[in-house]
Amino acid sequence: MDLSLNDVQMMLADSVDKFIGNDYDFETRQKYADSKQGYSDAAWQTFAELGWTSVTLSEDDGGFGGGPVDLTVVMERFGRGLVVEPFLANVVLAGGVLKRDANATQKSAWLLAAISGELQTTLAFTEPSSGYQISDITTTAVSGEDDDQSWQLSGSKAHVINGGSAELIIVAARTSGERRDKHGITLFGIPATAPGMTIRSYPTVDGLRAAEISLDNVMANHSQVIGKIDSGYETLNSAVADATLAVCAEAIGIMTVLTEKTIEFSKGRVQFGVPISSFQALQHRMVEMYTACEQSRSLLMWAAMMMHKGGPAAEQAIHSIKYQVGIAGKRVGEEAIQIHGGMGVTWELDVSHYFKRLTAIGLMFGSADWHLDQLAAPDVA
Amino acid sequence: MNVTFSNEEIAFRAEVRAFFETEFPQDILEKQRLSIALTREDVVRWHKVAYKRGWGAPNWPTEHGGTGWTSVQKYIFADEQARASAPVYLSFGVSMVGPIIYTFGTEQQKQRFLPDILEFNTWWCQGYSEPGSGSDLASLSTKADLNGDHYVVNGTKTWTTLAQFADWIFCLVRTNSDVARRQEGISFVLIDMKQPGVSVKPIKLLDGECEVNEIHFDNVKIPVENLVGEEGKGWTYGKVLLQHERTNIAGVANSKYRLERLRAQTNESIRGATPLANNSVFMRKLAAAEVELKALEYTELRTLASISSGKAPGPESSILKVAGTELHQQIDSLYVEAAGYYALPFVPEQYDIDFPIDERIGNGTQTKSALSYFNHRKVSIFGGSNEIQKNIIAKHVLGI
C-alpha cells in the first residue's frame, strides 16, 4: 500500500508551492482579484509555461498524462494561495470537454490554445432554473430546415465562471428530448463575439468572476459541434465531476490554511491576561477543525483514486467528497471567523476571503445536501 | 396558563399596525423590502416620524418623554415593526446612552441631551471595544486624564457602528490605572465628535460594506460636565444597561418574519425551477428552524411574563442572546442554500436606489443572501461574544 505522491507529482507540488510562496502573497492576490478582469494575465502565462495547465492532458494532447491525483495536487495548493486565475474554467471544465470529445481540428484550435494561455475558454452548462441538475438544460439548438449542418441556439446560462473573459464558450444545448433528459444534449463551441450572444459579467463574493449569458438565435455550424449530436451528457458530466473534485481539493487547501491561521491567532491574542488558545472551549473547537480537515483530506485521496478508476464508484466518490467538504468547509470557515472575533469579519484580513471562497465552493456543482441526496437515492449507491 | 392578549393590547397592536401602514414613510419600508441601504437622511426622517407620533423612545418612562409602554406593548411593537419590514431604532441613543443619562446623569445632562435623543437631533455611537479589548472589555486603555475643568482623552476605539454619521459618542475610558480591580478605574463619558483630535477611519467588512469604524482620540478635551455619574463607576453603569435590555435581545420578531418570508418563497417557482417546497431536505431544515424559533419565542415570553407580573426575569433569559444569534445565523444559511448559485454574484450596485429592480441578477434579494450570511457572522461576536455569554451563564446561572 502506498498513499504517497509519485516523483512527478512531488515535483508538481513543489513547483506550485514555490510559486505561491514566492510570487502570490495575499496582497498580490487581492490586487489581481480587484483588477477589471479579476486575474493576472502574467500569472496565467506562468501557469501555462510551468506546465500546470496541461497536467491532466494525455501525452498525445501535449500534456503530462496526469490524472485526478495530479489535479488535486495543484488545486489544493491553489486553495492555499487563494488563486484567482481561471484554471477551473479553462483546464478542468472547457479543457475537460475538449480533451474527451474534440476532434483534431478543434483540439489544435481550442484545446492547445487554451492550455498555452492564448485563448480564454469556459463551459456554460448551468441555467437559471437548473439548480444542480446537470441534465436540466432548456437552451435549445434547432437545426436548419433542410439540413443538420447548422443550428440556432437560444436560451440562458447562469453563473458561467470566467464567462466575461472567455473568448470561446462551450455551450451545452438541447438538440432533442425533454427538459431533464440525459439524451439530447449537444456541446457547441461558440465564440463570445458571435451575433446573438449577450454576456453579463460580474464579480462573485469570492473575488472571482462569472457571467449570465443569453443566447438569441446564435448560429453554429457542424464544425462547432464537439462530440456527437445528442450525446454530450456523459462528457459534460465527466468534466463537471473533474471540476467537483478540483474544488474539493481547493477547499481542503483553504480549510488547512484557516485551521493553521486560527491556531496561530489564538496563541497570539491575549484576553483576560492569557492567550485565548489556553481556553479549553476553544482548544476543542480547533481540534474539531483539524479533524474536519484531515477527514476531508483522507476522503479526497480515496475519491481521486476512484475517479482514476472511473465508473459508478467514481460517481459515488464525487458525491461523497463534495458532501464531506460542504459540511466540513462550512464548519471550519465559520469557526475560523468566530475564533478570530472582530478581526475575522474584516475585509483586510485574509481569513474572511478564505471563508468566502469556501462558502462559494459549497454552493458550486451541488450543495452538501444535494450530493447526499444523490448518495441516498437507490439507483446510485 | 395562556398567552392571550388583553383587549387593550389587541387594540394597541392595531394602532401600531396602522402606524406602519399609513404614517411610517412607505418609501423607507419599500427600500427595506428591496434591501436598499437607508441613507443617513432616511434614518433621521423615520425616527422623527416616530417621535411626532409620541414614540421616540419606546423603552423610556413617560417622565422623560418615553412611551412608558409595558413589556408586552414593547413586544407587540417589535413584532409589528418586523412584520412591516421596518428598520429598528438606532439603539445607541435611545436604548443605550439615554437610559444611562436619565438614570445616572445630572439634571443639567438630562436637559441637555435627552430631548435631542428623543427627537433624533443627535446621532450617537458607542465607544466600548478597543483593538486590544474585545471580549475582555475591562482591559480597555483609552485614557481620560483630569486636567482642571476638563479631561484629556487619548486612545483608540474600534468596531464603532455608524460612527461616520455620528455627532456624539459615549465612551468607557480609563480615568484611574491605580486600582485594585481594573473595572474600578473606568468612567463613562460623552464626547462631541465634531472637535479637533477626533478622527474616524472606516473599517471595511467582509461583505464590502463600511458600517463600522476605528476612532482615534488625540488629546481630545472634554469638559468635566460630560462625565456621567461618578468617576470610576462607568463599568457598573454599563452593566446596568445590559440588564435593562432583556427583551428583543433574541431578535425573535426579526427571525419570525424572515422565516415566514422564506417559507412563502419555497412555493414559488423561481425562473421556472422546481419550487423548493418539493425539496424535502430543505423543508426539513426550514421546519427545524421554525421549531427553534417557537422555543425561542416562548423563552422570551416566559421572561416577559415574569417582568409583566413584577418579578425579575428568570435565569432562562440568559440564554436569549446565544440562542437568538444562533437561530439568526441558521436562517441566513437557509437563505443562502435557497439561492444556490444566485448567492454568489457580488454586485452591490444592484441595491442602489436608482438601479432598475427588474435588471437585477437573481430573483428579488437572492444575491444579498451570502452577503447577509457573511455580515451576520458578527452577531455571535459583538456585544459580548457567544463564548463570553456562555461563560456568564456558567458562572452566574449554573453556579459553576
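Below, chain A is the first sequence line, B the second, and so on; all start at residue 1.
- Residue with the most contacts toward chain B among A:Ser130, A:Ser129, A:Gly341: A:Ser129 (heavy-atom pairs, distance under 4.5 Å).
- Contact tally against chain A (heavy-atom pairs below 4.5 Å) for B:Ala339, B:Ala138, B:Gly134: the top residue is B:Gly134.
- With hydrogens and angles left out, the side-chain atoms of A:Arg174 and A:Ser135 include no donor and acceptor closer than 3.5 Å.
- Ring geometry for B:Phe170 versus B:Tyr128: interplanar angle over 60°, hence perpendicular rather than tilted (30 to 60°).
- When only modelled atom types and interatomic distance are considered, B:Thr325 and B:Ser380 share no side-chain donor-acceptor pair under 3.5 Å.
- Interface summary for chain B: among A:Asp373, A:Thr359, A:Ile337, A:Asp136, the most heavy-atom pairs under 4.5 angstrom belong to A:Thr359.
- Among the residues in residues 344-353 of chain B, those with a non-hydrogen atom closer than 4.5 angstrom to a non-hydrogen atom of chain A are B:Leu344, B:Pro345, B:Phe346, B:Val347, B:Gln350.
- B:Lys285 touches chain A through its side chain: at least one heavy atom from C-beta onward sits under 4.5 Å away, while N, CA, C and O do not.
- In this structure, the portions of A:Gln338 lying under 4.5 Å from any heavy atom of chain B include both its backbone and its side chain.
- Not one N or O on the side chain of A:Glu85 forms a donor-acceptor pair closer than 3.5 Å with the backbone of A:Phe87.
- Top candidate by heavy-atom pairs under 4.5 Å with chain B, chosen from A:Met343, A:Arg269, A:Glu348, A:Glu127, is A:Arg269.
- The closest donor-acceptor contact from the side chain of B:Thr365 to the backbone of B:Lys368 lies at 3.5 Å or more, if one exists at all.
- Contact count against chain B (heavy-atom pairs under 4.5 Å) is highest for A:Pro203 among A:Pro203, A:Gly333, A:Gly344, A:Ala360.
- Between B:Tyr342 and A:Glu212, the side chains place a donor N or O and an acceptor N or O closer than 3.5 Å (distance only, hydrogens not considered).
- For B:Ser129, no part sits under 4.5 Å from any heavy atom of chain A, backbone or side chain.
- Interface remark: B:Phe282 contributes no atoms to any contact with chain A (heavy atom separation under 4.5 Å).
- With ring centers used as reference points, A:Tyr323 lies 6.0 Å or more from A:His371.
- Proximity to chain B (any heavy atom under 4.5 Å) is shown, for A:Phe279, by neither the backbone nor the side chain.
- Using a 4.5 Å cut-off between heavy atoms, A:Ser367 does not touch chain B at all.
- Heavy-atom distances place no part of B:Phe382 under 4.5 Å from chain A, backbone and side chain included.
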Worksheet item: Does the pair A:Glu335 and A:Thr262 meet the rule for a side chain to side chain contact (heavy atoms under 4.5 Å, CB included), with working shown?
Response: CA-CA 9 Å; A:Glu335 287 288 51; A:Thr262 303; over 6 Å; no
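- Annotation: cation-pi pair A:Lys356/A:Trp347 present, NZ/CZ under 6.0 Å from the ring centroid and within 45° of its normal.
- At a cut-off of 3.5 Å, with distance as the only test, no side-chain donor of B:Asn375 or B:Glu209 sits close to an acceptor on the other residue.
- Residue with the most contacts toward chain A among B:Ile203, B:Val281, B:Ile361: B:Ile361 (heavy-atom pairs, distance under 4.5 Å).
- Between A:Phe355 and B:Tyr373, the angle of the ring planes lies from 30° to 60°, which puts this pair in the tilted group.
- When heavy atoms are compared at a cutoff of 4.5 Å, B:Ile388 approaches chain A solely by way of its side chain, counted from C-beta outward.
- Of the N and O atoms on the side chains of B:Ser141 and B:Glu130, at least one donor lies less than 3.5 Å from an acceptor on the other residue.
- Surrounding CZ of B:Arg271 are more than 12 heavy atoms belonging to other residues, nucleotides or ligands, all under 6.0 Å away.
- Between A:Phe26 and A:His353, a ring centre-to-centre spacing shorter than 6.0 Å is recorded.
- Neither the backbone nor the side chain of A:Arg209 comes within less than 4.5 Å of any heavy atom of chain B.
- The shortest heavy-atom contact between B:Thr160 and B:Cys125 is CG2-SG, 3.7 Å.
- For B:Val336, the parts lying under 4.5 angstrom from a heavy atom of chain A are both the backbone and the side chain.
- Contacts of A:Leu282 with chain B are made by side-chain atoms alone, with heavy-atom separations under 4.5 Å and no backbone atom involved.
- A:Thr126 touches chain B through its side chain: at least one heavy atom from C-beta onward sits under 4.5 Å away, while N, CA, C and O do not.
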